[in-house]
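Below: the structure, in structure tokens.
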Amino acid sequence: MRLSLAIMMTHTYNGFWSNSLSQLAPFAAHPEASKGRRYEEPSAARRDDFARDRDRIVHSNAFRRLMYKTQVFVNHEGDHYRTRLTHSLEVAQIGRTVALALGLNETLTEAICLAHDLGHTPFGHAGQDALNACMREHGGFEHNLQSLRIVDELEEKYASFDGLNLTFETREGILKHCSKNNAKTLGALGERFLDRTQPSLEAQLADIVDAVAYNNHDVEDGVRSGILSMEALREEPLFARHYDEVVATYGHQLPTDRLLHETKRRMIAFVVRDLITTSERAINDAGVASLDAVRAAPRLIAFSPEVGEAHQSLKRFLYRNLYHHPAVVAMQDRAKHMLTTLFSHYERSASAIPSEFRPLEHVTPSDAPDYRRIADYIAGMTDRFARQQFEALIGDQ
């Protein structure tokens with residue numbers, strides 16, 4: 001069977017088009033062949049293991065908190081700016097589309113996409129940078145590892161185990177990057193970072209569609225904020241191509257919001273088509289016929305060189321003109337100050353954080369700082385809660 005036929009092998013389930021498990025491509029991740037969970041559990045009656053993972057992620061506290069965590073602009077500055085939650089939903093939507101076209105496991109892809117940012121701090125990358133600086137002498141902080149820590153340990157819902165007890169394949173997809181030193185502590189999950197093999201195609205896909213989503217929605221949010229102009233964006237070939245196409249079709253009288261949305265959605269469709277076509281060709285050329293073969297092959301989910309360069313060029317544009325804009329940098333500096341101040345406070349007074357984040361007294365005195373637990377507490381905060389804690393602290397001084 002050629003991969004190009006995979007898109008035809010679908011069925012309707014609960015109103016959505018979805019791959020039938022019996023019709024997944026042989027190189028997809030199959031739930032019955034999963035490497036399993038950290039703690040053994042009986043199978044669910046009507047859901048496969050990857051669907052169960054997805055549902056546990058959606059029902060987690062950490063997932064709900066993403067609603068109030070910054071993507072680029074802090075939540076209270078506008079109701080329509082993306083948050084970490086809306087970003088994760090957009091990543092999942094794009095990921096499902098591509099997974100379906102390539103004959104991959106759509107449910108596993110969705111689970112990974114929904115979970116990939118669970119470990120993000122309040123205030124976006126500024127918060128991560130601040131917390132990493134505070135933790136420099138204590139193992140550092142990286143949101144990928146924190147996402148894994150959340151699903152493995154920090155969610156406290158189940159009587160039989162800590163965390164969500166997700167499958168190996170979902171956890172593998174969540175952990176996109178990892179240093180060799182950290183990989184050595186993760187057992188089988190860390191092996192691919194040591195032997196330089198690849199994760200599943202679903203994990204590779206979740207990684208790349210994350211970039212597709214944020215490149216395109218940050219363009220929209222940047223224009224909405226007034227920081228970016230569409231004239232400046234027309235310097236970028238990827239944007240200009242589709243902007244000019246929309247103007248040629250509808251004329252200049254189209255309202256700005258509609259012009260921007262039409263351009264953005266065509267950009268997404270264009271890069272997604274290229275991603276599907278290029279990945280399909282790479283998979284066929286590699287001749288992979290199993291997940292084990294995928295792990296031994298080079299990375300197979302990718303853009304064509306031309307579209308990849310245009311995509312990277314747009315990313316560089318956003319760094320220069322949006323992420324490093326004085327207004328955004330000022331917001332980031334305030335966020336870093338808040339989190340650094342909170343960290344210093346909890347370092348001096350461990351009893352100021354909730355009991356579930358304090359060390360056990362038989363391990364270390366309860367008033368001694370446990371830096372990883374302090375980082376867990378701060379990373380789990382929403383923007384709003386972090387600001388409230390900071391203001392309460394400043395008010396007490």
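Worth knowing before you read on, the calculation uses all heavy atoms, side chains too, and leaves out hydrogens, waters and symmetry mates. The residues of the chain are indexed from 1 along the displayed sequence.
With hydrogens and angles left out, the side-chain atoms of Ser147 and Asn144 include no donor and acceptor closer than 3.5 Å. Checking Asn105 against His30 by side-chain atom types alone, no donor-acceptor pair falls below 3.5 Å. Judged purely by distance below 3.5 Å, without hydrogens or angles, the side chains of Ser34 and Asp49 never pair a donor atom with an acceptor atom. Looking at Arg295 and Gln198, their side chains never bring a donor and an acceptor atom within 3.5 Å of each other. Between the side chains of Asp195 and Thr197, at least one donor N or O lies within less than 3.5 Å of an accepting N or O. Judged by distance alone, the side chains of Thr167 and Thr170 do bring a donor and an acceptor atom under 3.5 Å apart.
Within a 6.0 Å sphere centred on NZ of Lys157, other residues, nucleotides and ligands contribute more than 12 heavy atoms.
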Legend entry - Step-by-step side-chain hydrogen bond (donor to acceptor under 3.5 Å, both in side chains) determination, Asn61 to Arg64: CA-CA 5 Å; Asn61 290 328; Arg64 288 195 297 278; 2.3 Å; yes
Inset, instruction - Output, in order, the C-alpha distance, side-chain angles, deciding distance and verdict of ring pair (Phe, Tyr, Trp, His ring centres under 6.0 Å) for Phe390 and His337. - result: CA-CA 10 Å; Phe390 174 77; His337 174 64; 5.5 Å; yes
Inset, instruction - In sequence, state the C-alpha distance, the side-chain angles, and the governing distance for Asp210 and Lys176, and then conclude on salt bridge (Lys or Arg N to Asp or Glu O under 4.0 Å). - result: CA-CA 11 Å; Asp210 179 26; Lys176 297 193 296 185; 2.9 Å; yes
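A perpendicular orientation is assigned to the rings of His217 and His87, their planes being inclined by more than 60° (bins at 30° and 60°). Ring geometry for Phe303 versus His311: interplanar angle of 30 to 60°, hence tilted. Between Phe385 and Tyr377, the ring-plane angle classifies as perpendicular under the 30° and 60° cut-offs.
Linking ILVMFWY residues whenever their side-chain heavy atoms come closer than 4.5 Å, directly or via other members, places Val98 and Leu104 in the same cluster.
With respect to Glu309 and Lys315, no salt bridge is recorded, no charged nitrogen being found less than 4.0 Å from a carboxylate O. A salt bridge is absent between Asp218 and Arg82; no separation between the charged side-chain nitrogens and carboxylate oxygens falls under 4.0 Å. Look at Asp152 and Arg149 and you find no salt bridge, because none of the NZ, NE, NH1 or NH2 atoms lies under 4.0 Å from a carboxylate O. Using a 4.0 Å cut-off between charged side-chain N and carboxylate O, Glu169 and Arg37 make no salt bridge.
Formation of a donor-acceptor pair under 3.5 Å by the Thr121 side chain with backbone atoms of Gln128 is found in this model. At least one donor-acceptor pair closer than 3.5 Å links the side chain of Gln204 to the backbone N or O of Pro199. In this structure, Asp48 contributes its side chain and Glu32 its backbone to no donor-acceptor pair below 3.5 Å. Checking side-chain atoms of Asp383 against main-chain N and O of Pro122 turns up no donor-acceptor pair under 3.5 Å.
Nearest heavy-atom pair across Ile150 and Ala62 is CG2-CB, 3.7 Å.
Here the CG-CD distance, from Asp207 to Glu202, works out to 13.5 Å after rounding to the nearest 0.5 Å. For the atom pair CG of Asn132 and CZ of Arg136, the computed distance is 6.5 Å after rounding to the nearest 0.5 Å. The line from CD of Glu235 to OG of Ser313 is 10.0 Å long, rounded to the nearest 0.5 Å. Atom CG in Leu164 sits 5.0 Å away from atom CD in Glu155 (nearest 0.5 Å).
Residues passing the salt bridge (Lys or Arg N to Asp or Glu O under 4.0 Å) test with Asp244 are Arg234, sequence neighbours excluded. Legend: residues meeting salt bridge (Lys or Arg N to Asp or Glu O under 4.0 Å) with Arg56, ordered by chain and number and at least two apart, are Glu41.
Clustering of Ile, Leu, Val, Met, Phe, Trp and Tyr side chains at separations under 4.5 Å leaves Val329 isolated, with no partner residue.
Here the options are Lys264, Arg258, Arg265, the test is salt bridge (charged side-chain N to carboxylate O under 4.0 Å, His left out), and the partner is Glu262; only Arg265 passes.
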